[in-house]
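So that the names make sense, note that chain A is the first sequence line, chain B the second, and so on, each numbered from 1. Please read these numbers as outputs of a predicted model, since none were measured by experiment.
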Amino acid sequence: MSFGKGHHLHLVDGSAFIFRAYHALPPLTRKSDGLPVGAVSGFVNMIWKMIEDNKGPDAPTHAAVVFDKGSHTFRNDMYDKYKANRDEMPEDLRPQIPLTREATRAFNLACLEQEGFEADDIIATLACRAREAGGRVTIISSDKDLMQLVGGGVEMYDAMKNARIDADGVRDKFGVDPERVVDVQALAGDSVDNIPGAPGIGIKTAALLINEFGTLEDLLARTDEVPQPKRRQTLIDNADQIRLSKRLVQLDCDMDLDYDLDSLEVKEPIADDLLGFLTDMEFRTIVKRVSDGLGVDAPVITDTTPQGSDPVDDAKQVAFPDAYDWVKVTDTLKDWIARAHARGYVAVDTETTSLNEMQALLVGVSLCIDPGEACYIPLGHKENAEADLFATDALAEGQIPFDEAMALLKPLLEDPSVMKILQNAKYDCKVLARLGVQVAPVDDTMLMSYAMNAGLHGHGMDTLSERYLGHAPIPIKELIGSGKSQITFDKVNVEKAVKYAAEDADITLRLWHLFKPQLHRSKVTTVYETLERPLIPVLARMEMAGVQVDRDVLSRMSGAFAQKMAGLEDEIRELAGADFKVSSPKQLGEILFDKLGLPGGKKTKTGAYQTGADILEDLATEHELPGLILDWRQVSKLKSTYTDALQDHIDLETGRVHTSYSIAGANTGRLASTDPNLQNIPIRTEEGRRIREAFVAPQGRTLVALDYSQIELRILAHIAGIDELKQAFKDGQDIHALTASEMFDVPLDEMTPEIRRKAKAINFGVIYGISGFGLARNLRIPRDEAQGFIDRYFERFPGIRAYMDETVKFAKDHGFVQTLFGRRINTPDINAKGPGAGFAKRAAINAPIQGTAADVIRRAMIRMEDAIADLPATMLLQVHDELLFEVDEGSEDALIAAAREVMEGASLPAVHLSVPLEVDAGQGANWAQAH
DNA sequence: GTACTCACG
DNA sequence: GACGTACGTGAGTACG
């Protein structure tokens, strides 16, 4: 009998089920092999519950579970930014997607998906057909995009809230009848799906307009009748965008489907199929429940755990062996690789000749699959290596030829179904990338620790091993020595190398077993998945790209600086009346305070006089010497740290400078740049700024810099909820001038630079956890005056003080603070007594602000590569609130537009800031011009 | 190896 | 009542 009156169709939004299950549940893994199955388990539970709940007279006669397929749909062809700000699917969810299809079929339910269409379109087409045939439909989903289908026998059911949604429910939500929902959505837009809509019009206004004009088409045809001038203009200006939005939200009710409603008739699950699947998944509880429900005996799930015990326990309890496997022949290597494939994960570590990844040569690879069982595959060890006298270029015995081994390892390292577990993965990924191996997918124990333990301790392997495994790894010094006599790893005796290298892989695997379940318990899985791990390949590519630095420019500046220093030194010695080392603060202090008897003379804790810039500036009014010292120091700093040291960092092969970013270096989530540090290139003084002229674009290219304007103050305004500040940012006002005006009762048009400067210092102070002492020192004013400013500021902006108090209280209660994106920064000293207390408090106040800004730019960087993929552009550097790019001449504007859009929308959809993020852009032949 | 100083956001 | 502080980094130099 064909589908019609009296029939009831259930349509389940399967993809939504999966995401809900994934995010609601801990990251369960299959015990026998560690396969992630948490989302599958949640999905199965939801389907089973749905079946159980829908027995009885109103039971569905027909049913289907509908899924999205692929990420590119016909909507992307209409609008390339459709759903563009969706975060990427978490790595451990990806392998579960096919399993949910399998689960659906195991339930004997129709499993529907179609390339190029969203689940919503299939649901729409089927719902419309069922309605036309005179039957009833229940759509099991809470997605508001499906509400346009409600009515005429079609209802929705929100399985989480246990609530049915009928036409009245839709009217409650959208303020219009279901058939007009698309009109409202087209006007209001949707930041989650990146539907543009009309700026400034939300659901409320949209419903008002639609109810007044009838339909969207009528409204757009009669915009001249809209009474509010601003609203009218918005509608006129954005008419095309609104029409596009409507086409984006309008579901396709008329898809070509190669099946009909009758084929969706409900069939009882076949016990063997269903229980077979559930047993395979090792879902003990569900197997029991389903068996009871079906009235059959529950099958036994045999325990097939690798060593018959829990990997978390093994990680800590299995002893570290005295010897590991030295892989000498390809058969042994093949055996290890087969084991890794069978297990689905493997810990990997590489040994190389250098800490600099751009120069490091691969010397060997170690693998580990079970605690205590690891191997080392030596590839580039030299013969007679340790005795310099006999060192030759000949390779040591017992090694597989390099290319042969790499040909075997590459497929494993690139296999999407085998998780590679590394400590500080970026390093190994870069070394291997230079050999043409793109390691993926990757888990990084260092980043797992960082996500959970930032602020508690470092995240290097030695620290983690001692802390969490109670085992001190073999120090690298024992193999390569230290200082002048240090050797490279290729000269290390292979026997010793096996012990050391395999142990590192063993430790990494054990840490992973410990950390993986903890990640979820600490509620930082999302942080790890969205802010830490995806950054590894992004930074690796930026570092390998490097930035071109003009050696001649630096060299010329060095010469000029040397001359200037020599001249200053002569003057300094003359004024001092003595010969001394100008670079020695100790000697300088004695000259200033003992010999010349200048006033002041504070001592450091080691008993030497302080000679910092602030002290010398104060003394400059007393004597000529301090000023000259300051000049000398500035030039000396520029020469030694920049014009000289930077030249040594130019890579001879690429002719460029390749920094290294540490992802887990700064507690707040900021990156840190080392070897060289390219995040502290001078800019504040004119002379220093010229160093940036040495950072150049190659022939035919341009440097483009984009930086967030006032991002930390904006975030503070959002977090603390300060309406005046939020409004000022929305209106594009000068925030420091506004603060000054509010505090000192000076109208904006009478603002002086001096008053504004004070307000600016206060604004920065607020971000740092202001204190009277600190502000006084910064502004060089008496302390009580500074305290007066602060008091007035808090009087004017009471919300800021409330934020500070709440943050400190949160830190005291929980032992950590959080960013808007859930990043956790531990505050172990927050309850300390004594001088440390103030320090910890200020750090706790600052961390959520600095950390949220760091999260925002991380999100932008992760999305940036896709966003500029079609442009001849490369992302090169990050300087906390700035990104530097290189782009072919002629494409500058396209790059700026694309990058700005990513940066300004980087918080979405996870966090909707109540202040706009603004990005300034510049371009030029060198970094000085681009800024 | 530690202390001091100074470059950046 | 005194203490000692702006938040977060990395690197070069002196000095023991």
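- Salt bridge status for Arg573(A) with Glu569(A): present, with a side-chain N to carboxylate O gap under 4.0 Å.
- Atoms CD (Gln850(A)) and P (dT9(C)) sit 7 Å apart, rounded to a whole Å.
- Salt bridge absent: Lys809(A) and Asp805(A) never bring a charged side-chain N and a carboxylate O closer than 4.0 Å.
- A salt bridge does not link Arg556(A) with Glu693(A): every distance from a Lys NZ or Arg NE/NH1/NH2 to an Asp or Glu carboxylate oxygen is 4.0 Å or more.
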Would you sort out whether Tyr450(A) and Arg823(A) count as a side-chain contact (heavy atoms from CB on, under 4.5 Å), showing the intermediate values? CA-CA 10 Å; Tyr450(A) 181 57; Arg823(A) 174 184 300 284; 3.5 Å; yes
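- Bracketed by its first and final contacts, the part of DNA chain B lying under 4.0 Å from non-hydrogen atoms of chain A reaches from dA3(B) to dG9(B) in 5' to 3' order.
- Asp881(A) places its CG atom 17 Å from the P atom of dG8(C), with the value rounded to the nearest Å.
- Ile681(A) comes within 4.0 angstrom of the backbone, heavy atoms only, and of no base.
- For the contact set between residues 791-823 of chain A and DNA chain C, defined by any heavy atom under 4.0 Å, there are no members.
- Salt-bridge check for Arg670(A) with Glu712(A): passed, with a basic side-chain N closer than 4.0 Å to an acidic carboxylate O.
- Asn453(A) contributes no side-chain N or O that, together with a main-chain N or O of Gly458(A), makes up a donor-acceptor pair within less than 3.5 Å.
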Are any protein N/O atoms closer than 3.5 Å to N/O atoms in nucleotides 2-6 of chain C? If there are, list each pair with its distance.
from: dT5(C); atom 1: O2; to: Arg842(A); atom 2: NH1; distance (Å): 2.9
from: dT5(C); atom 1: O4; to: Arg783(A); atom 2: NH1; distance (Å): 3.4
from: dA6(C); atom 1: OP2; to: Arg777(A); atom 2: NH1; distance (Å): 3.2
from: dA6(C); atom 1: OP2; to: Arg777(A); atom 2: NH2; distance (Å): 3.3
from: dA6(C); atom 1: O5'; to: Arg777(A); atom 2: NH2; distance (Å): 3.4
from: dA6(C); atom 1: O3'; to: Arg842(A); atom 2: NE; distance (Å): 3.1
from: dA6(C); atom 1: N6; to: Ala761(A); atom 2: O; distance (Å): 3.2

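- Applying side chain to side chain contact (heavy atoms under 4.5 Å, CB included) to Phe695(A) and the options Asn926(A), Ile681(A), Val657(A), Leu884(A) leaves one that passes, Ile681(A).
- No side-chain donor-acceptor contact under 3.5 Å links Ser673(A) to the backbone of Tyr661(A).
- Heavy-atom neighbours of Gln563(A) CD from other residues, nucleotides or ligands within 6.0 Å: at or below the threshold of 12.
- Each salt bridge (charged side-chain N to carboxylate O under 4.0 Å, His left out) pair with one or both residues in residues 776-788 of chain A, not counting sequence neighbours, appears once here: Glu617(A)-Arg780(A), Asp618(A)-Arg780(A).
- With hydrogens and angles ignored, the 3.5 Å screen pairs no side-chain donor or acceptor of Glu918(A) with any backbone N or O of Ser709(A).
- For the residue pair Asp594(A)/Tyr609(A), the side-chain donor-acceptor check at 3.5 Å is satisfied.
- Contact annotation for Gln634(A): backbone-only contact, meaning every heavy-atom pair under 4.0 Å involves sugar-phosphate atoms and none involves a base.
- Nucleotides dC4(B) and dA6(C), compared at atom P, are 13 Å apart to the nearest Å.
- Residues Thr668(A) and Gln850(A) bring a donor and an acceptor atom of their side chains to less than 3.5 Å of each other.
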Could you run down nucleotides 10-16 of chain C 5' to 3' and tag each one B, S or - for protein heavy-atom contact under 4.0 Å? BSSSSSS
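- Using modelled atom types, one finds a donor on one side chain and an acceptor on the other under 3.5 Å when comparing His736(A) with Asn763(A).
- The residue Gln610(A) sits close only to the backbone: its heavy atoms come under 4.0 Å of sugar-phosphate atoms, none of a base.
- Formation of a donor-acceptor pair under 3.5 Å by the Thr852(A) side chain with backbone atoms of Pro848(A) is found in this model.
- When the P atom is used for both dT5(C) and dA3(B), the distance is 14 Å, rounded to whole Å.
- Across all strands shown, Leu638(A) has no heavy atoms under 4.0 Å from either base or sugar-phosphate atoms.
- Side chain of Glu886(A) to main chain of Leu876(A): no donor-acceptor pair is present (N/O by atom type, distance under 3.5 Å, no hydrogens or angles).
- With a cut-off of 3.5 Å on both pairing distances, the Watson-Crick and G-U wobble pairs of DNA chain C assemble into stems of 3 or more at B:1-9 with C:7-15.
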